[in-house]
Structure formats: C-alpha cells, structure tokens
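Report on the following structure.
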Amino acid sequence: MPTFPPMTRAAGLDALSAFLAGPGGDYAAARNTDRGRAAPTTSALSPWLRRRLLTEEEVARAAIRALGERGAEKFVSEVFWRTYFKGHLETHPEAWSRYRAGRDAAHERLAAEPGLRRTYERVIAGRTGIDGFDDWALQLVEENWLHNHARMWFSSIWIFTLRLPWELGAEFFLRHLLDGDPASNTLSWRWVAGLHTRGKPYIARRDNIREFTDGRHDPAGLNEGATSLQEETPPREVPLASADPALEGPVALLLHLDDLHPESLPLGAARVTRVGGLIASAEEAAEPVRAAEAAAMADALERAAVHFGCPAGPVREGWTGDLPVVTAWAPVGPSADALPAGCRRIRRDWDERAWPLSNRGYSRLRGAIPKVMGS
C-alpha cells in the first residue's frame with residue numbers, strides 16, 4: 001500500500017475521486033484480492049471515513065452518482081458495514097468493555113507465562129515462519145495498513161493456528177492501523193472468532209489465501225478444522241441512547257476524532273462562536289496513528305474556523321467562555337470516554353436512520369439500505 005496522503009478532508013476527497021474514476025468500477029470483482037504492497041483493490045478510504053473527514057453518506061452517494069446503483073451496490077454495502085458496527089456497539093457496549101478487560105487479562109498472562117510471551121513476541125515481529133502471516137505483521141507495523149481480506153486471514157491465524165488471545169490481536173491492530181476504530185476492530189475480531197455471529201468463525205484456508213494473493217502466499221500448517229471460541233453469554237443489548245435536541249443561540253462546538261466534518265453537522269438554529277478540538281487517541285495507538293489524528297484535528301479546526309467565522313483551536317481551560325457546549329455524537333470508545341460532562345450530543349440523520357437497525361445481524365441493515373439512502 002503506498003504511503004497515505006495527509007489526513008485532511010481535501011486529500012480524502014481526492015482519494016475518493018481517484019477511486020471512483022479508476023478502480024471503483026471493478027471493485028466488486030477485485031476487492032477480495034490482496035496484492036500486498038502494490039496498489040490496493042479496495043478503496044483505501046477508511047482512514048478518512050474512520051474520522052469522518054469523509055462521511056459514510058457522502059461517499060455512498062458519490063459512488064452511486066459515479067457508478068450507478070447497480071455498479072455501486074457492493075461498495076455501498078461495504079460502507080454500511082462501518083455504520084453497522086458503530087450502531088451495534090452503541091447497543092452492545094459490553095463488547096468494548098469485555099475487550100478491554102480481556103486485553104488486560106491477556107497482558108497479565110504474558111507476564112506470567114514465558115511460553116505465551118515468546119510466541120506473542122515472535123508473532124508481532126513477523127517471525128512465525130507462516131507464509132503470508134509474517135508479511136502482514138510487518139506491513140501492518142511499517143505501513144499502518146492491511147488489505148481487508150488479509151486482516152481476516154491474519155486474525156483467524158492469530159486465534160486458531162497460533163492460539164493467542166484474540167484481544168491481543170485486536171490491540172495489535174488498534175495500535176497500528178490508521179483506520180483503527182473501536183467498533184469495526186472489536187466486532188470484526190469477535191466475528192472472526194465466532195463470537196459476534198455465534199458458532200460461525202471465519203477460518204483462514206490455505207487454498208483461499210493462495211487464490212486471493214495470486215499465488216504469492218501458500219501457507220502450510222493452518223488449523224482449518226477449528227471451532228468457534230466460546231463465551232458464557234453474549235454482550236447484553238441496551239437501548240440506543242437518545243441524542244440531545246439542538247440548541248438555539250451562541251454555542252461552543254467541541255470536535256473529537258470520531259467526527260471531523262463540522263460543516264455538515266445538524267446544528268439547527270445554534271450559532272457557533274467558538275470551536276475546540278479534543279484529541280482522545282486509543283491508549284494503544286502508536287506514534288504514526290497519533291500523528292495522523294493530530295493532523296486530522298488540525299485540518300478540521302482550520303476548516304471550522306473558516307466555516308463558522310470564529311476562533312478554533314485545541315481544548316484548553318476556559319475555551320468555552322461559559323457558552324453551552326455542543327458536540328457530534330461520539331460512539332463507544334476513547335472520544336466518548338473523554339467528553340466533558342454537560343455536553344449536548346447531537347446525532348446525524350444517517351446514524352438516526354441506520355443505528356436502530358444495527359442491533360442484530362448485518363442483514364437487517366443491509367436489507368434497509370435503499371430506505372436509509374432514500375430518506
């Protein structure tokens with residue numbers, strides 16, 4: 001994967017245009033093929049989507065305009081997976097808290113079990129001897145990116161062949177991926193493990209890897225007869241929390257890393273007179289990820305200052321000037337945990353339409369895509 005351009009909205013729009021004008025037309029046929037460090041067969045828009053420098057809605061609608069409804073169908077469905085995972089974690093936040101508790105317990109095991117620690121250290125250094133897997137481990141650390149199909153193979157091998165705690169693998173991804181997202185990352189690892197869709201794990205198979213890497217990788221010794229991981233009970237469902245109504249009059253707008261397109265927020269009659277930026281990276285995040293997030297926030301603050309015609313900068317003591325604070329809804333994760341008390345949290349119409357349909361399996365939301373898109 002080539003080096004990503006800056007984490008700015010302008011760069012994301014350029015990447016979207018290039019994808020739709022070029023490989024977008026072949027997306028459905030080519031998307032499962034991993035070409036390694038060559039040009040990706042996916043859109044590679046996820047780093048901008050993860051921070052909503054580009055919104056899911058504008059990307060999906062742009063694809064339909066460029067490719068037609070039928071030509072864009074598979075790509076739009078994949079965009080909706082991101083929305084689905086966020087909505088599902090909003091209604092199953094215990095999946096996130098279980099991940100963090102399991103991660104901490106796994107680190108205690110690493111400290112207490114030398115054999116497990118040696119295996120883990122070989123894995124993250126790309127020294128297992130498993131063809132393909134080691135390349136993906138190195139690519140992840142060096143480029144902060146992996147093709148989606150490679151992520152599936154990697155996590156399956158991590159869990160079922162190497163028998164490492166899945167939470168350590170999810171942490172490894174969240175540490176290095178430029179598009180690392182609490183919802184997509186946690187629930188994807190749970191899906192591979194057979195916990196999200198209970199009893200249906202994703203098994204990495206040698207012939208599948210050989211086919212979809214064009215013969216570049218042919219790993220032997222994979223555990224292709226594995227069964228799902230087990231948990232006593234699935235994460236319990238909770239009602240989707242309601243957003244706050246929009247305010248009228250002057251407000252301070254708080255930006256966070258889960259929504260950096262303030263120009264399109266549904267602010268109603270509120271008048272933004274100050275903007276603050278709150279950076280709450282995942283505690284696992286490596287320096288390249290933190291640097292990308294700082295650049296994304298700087299870009300959003302610069303655009304917000306121009307759009308609203310007011311001061312915009314990092315959150316500091318007294319930045320609100322005693323104004324009421326409005327912020328975009330922060331999904332479960334570090335941004336939500338870091339929001340100050342008393343914020344008025346508003347939610348985009350896209351999420352209001354899609355998240356209530358995301359509390360079960362993806363098929364429910366997928367069947368409603370035309371309705372969500374048509375609203």
Side-chain angles (χ1 to χ4, degrees), residues 1-2 4-5 7-88 145-153 177-179 181 183-184 187-188 191 202 208-209 211-214 216 261 263-264 348-355 357-358 361-375:
M1 174 69 199
F4 277 102
M7 284 295 103
T8 65
R9 175 164 170 79
L13 289 170
D14 287 345
L16 173 61
S17 295
F19 169 69
L20 295 177
D26 196 37
Y27 176 85
R31 59 178 293 274
N32 282 329
T33 300
D34 173 27
R35 295 173 180 158
R37 305 196 185 208
T41 55
T42 59
S43 71
L45 294 172
S46 52
W48 292 279
L49 283 165
R50 183 264 176 270
R51 298 170 182 89
R52 279 189 166 166
L53 290 163
L54 302 178
T55 69
E56 297 100 306
E57 181 168 12
E58 71 176 319
V59 167
R61 295 194 187 284
I64 291 172
R65 287 195 301 271
L67 306 173
E69 289 193 7
R70 178 167 293 185
E73 183 177 12
K74 184 60 181 175
F75 175 69
V76 169
S77 178
E78 293 302 310
V79 171
F80 266 87
W81 268 104
R82 177 170 298 275
T83 299
Y84 164 75
F85 280 141
K86 287 184 183 295
H88 193 88
W145 170 261
L146 276 182
H147 186 283
N148 186 62
H149 210 166
R151 298 183 197 199
M152 294 161 59
W153 295 323
L177 285 172
L178 276 180
D179 60 4
D181 172 79
S184 294
L187 298 180
S188 291
W191 177 78
Y202 175 79
N208 183 264
I209 295 172
E211 176 183 357
F212 288 104
T213 61
D214 292 333
R216 195 173 68 258
H261 191 222
E263 301 96 319
S264 64
R348 293 179 181 273
D349 290 343
W350 177 269
D351 298 331
E352 289 283 10
R353 297 193 297 265
W355 285 2
L357 302 173
S358 302
Y362 176 63
S363 60
R364 184 182 180 206
L365 178 59
R366 181 178 58 201
I369 287 176
K371 180 180 178 181
V372 174
M373 291 290 297
S375 299

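Every value quoted in this text rests on a predicted model; they were computed, and no experiment measured them. The figures here come from the full heavy-atom set of this structure, side chains too, leaving out hydrogens, waters and symmetry mates.
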Open item on the list: Once rounded to the nearest 0.5 Å, what's the spacing between atom CG of Leu146 and atom CG of Leu178?
Closed with: 11.0 Å

Open item on the list: Can you tell me how far apart CG (Asn32) and OG1 (Thr41) are? Round to the nearest 0.5 Å.
Closed with: 7.5 Å

Open item on the list: Angle between ring planes, Phe19 versus Phe75, binned at 30° and 60°: parallel, tilted or perpendicular?
Closed with: tilted

TODO: Specify whether Phe212 and His149 have parallel, tilted or perpendicular ring planes, treating 30° as the upper limit for parallel and 60° as the lower limit for perpendicular.
DONE: tilted

Task: Residue pair Arg50 / Ser184, side-chain donor-acceptor N/O under 3.5 Å - done: no

Open item on the list: Applying side chain to side chain donor-acceptor pair (under 3.5 Å), can you list everything that pairs with Thr83, at least two apart in sequence or on another chain?
Closed with: Glu56, Trp350

TODO: Decide whether a cation-pi geometry holds between Arg366 and Trp81; the criteria are a distance under 6.0 Å from NZ or CZ to the six-membered ring centre and an angle within 45° of the ring axis.
DONE: no

Task: Glu73 CD: over 12 foreign heavy atoms closer than 6.0 Å - done: no

Open item on the list: Among residues at least two apart in sequence or on other chains, which ones pass ring-ring contact (aromatic ring centres under 6.0 Å, His included) with His261?
Closed with: none

Task: Within-4.5 Å side-chain heavy-atom neighbours: Tyr362 and His88 - done: no

Task: Glu58: which of Arg348, Arg52, Arg9 passes salt bridge (charged side-chain N to carboxylate O under 4.0 Å, His left out) - done: Arg9

Task: Test item: Leu53 and Thr8 side chains (from C-beta on) under 4.5 Å apart, heavy atoms - done: no

Task: Residues which pass side chain to side chain donor-acceptor pair (under 3.5 Å) with Ser46, listed by chain and number, not counting sequence neighbours - done: Asp179

Task: Distance-minimising heavy-atom pair for Ala150 and Asp34 - done: CB-OD2, 3.7 Å

TODO: Go through the steps for Tyr84 and Arg364 under the test side-chain contact (heavy atoms from CB on, under 4.5 Å), then give the verdict.
DONE: CA-CA 10 Å; Tyr84 164 75; Arg364 184 182 180 206; over 6 Å; no

TODO: Search all heavy atoms of Gly12 against all heavy atoms of Trp48 and return the closest pair with its distance.
DONE: N-NE1, 3.4 Å

TODO: Before giving the answer on side-chain contact (heavy atoms from CB on, under 4.5 Å), spell out for Asp181 and Arg82 the whole-Å C-alpha distance, their side-chain angles and the decisive distance to 0.1 Å.
DONE: CA-CA 9 Å; Asp181 172 79; Arg82 177 170 298 275; 4.2 Å; yes

Open item on the list: On a heavy-atom basis, which atom in Tyr27 and which in Ser43 lie closest, and how many Å separate them?
Closed with: CE1-N, 4.2 Å

Task: Residues, nucleotides or ligands: over 12 heavy atoms within 6.0 Å of Glu263 CD - done: yes

Task: Pairing of Glu78 and Arg31 as salt bridge, 4.0 angstrom limit - done: yes

Open item on the list: For Leu20 versus Ala63, what's the shortest heavy-atom pair and its separation?
Closed with: CD2-CA, 3.8 Å

Open item on the list: To the nearest 0.5 Å, what is the distance between CG on Leu357 and CZ on Phe80?
Closed with: 9.5 Å

Task: Leu187 CG to Phe85 CZ distance, which is reported to the nearest 0.5 Å - done: 5.5 Å

Open item on the list: When you measure from the side chain of His147 to the backbone of Arg35, do you find a donor-acceptor pair of N or O atoms at a distance under 3.5 Å?
Closed with: no

Open item on the list: Could you report the tightest heavy-atom contact between Pro40 and Ala44, atom names first, then the distance?
Closed with: CG-CB, 4.1 Å

TODO: Can you see which heavy atom on Ile369 is nearest to which on Val76, and at what distance?
DONE: CG2-CG1, 4.1 Å

Task: side-chain contact (heavy atoms from CB on, under 4.5 Å) evaluation trace for Ile64 with Met373 - done: CA-CA 10 Å; Ile64 291 172; Met373 291 290 297; 3.5 Å; yes

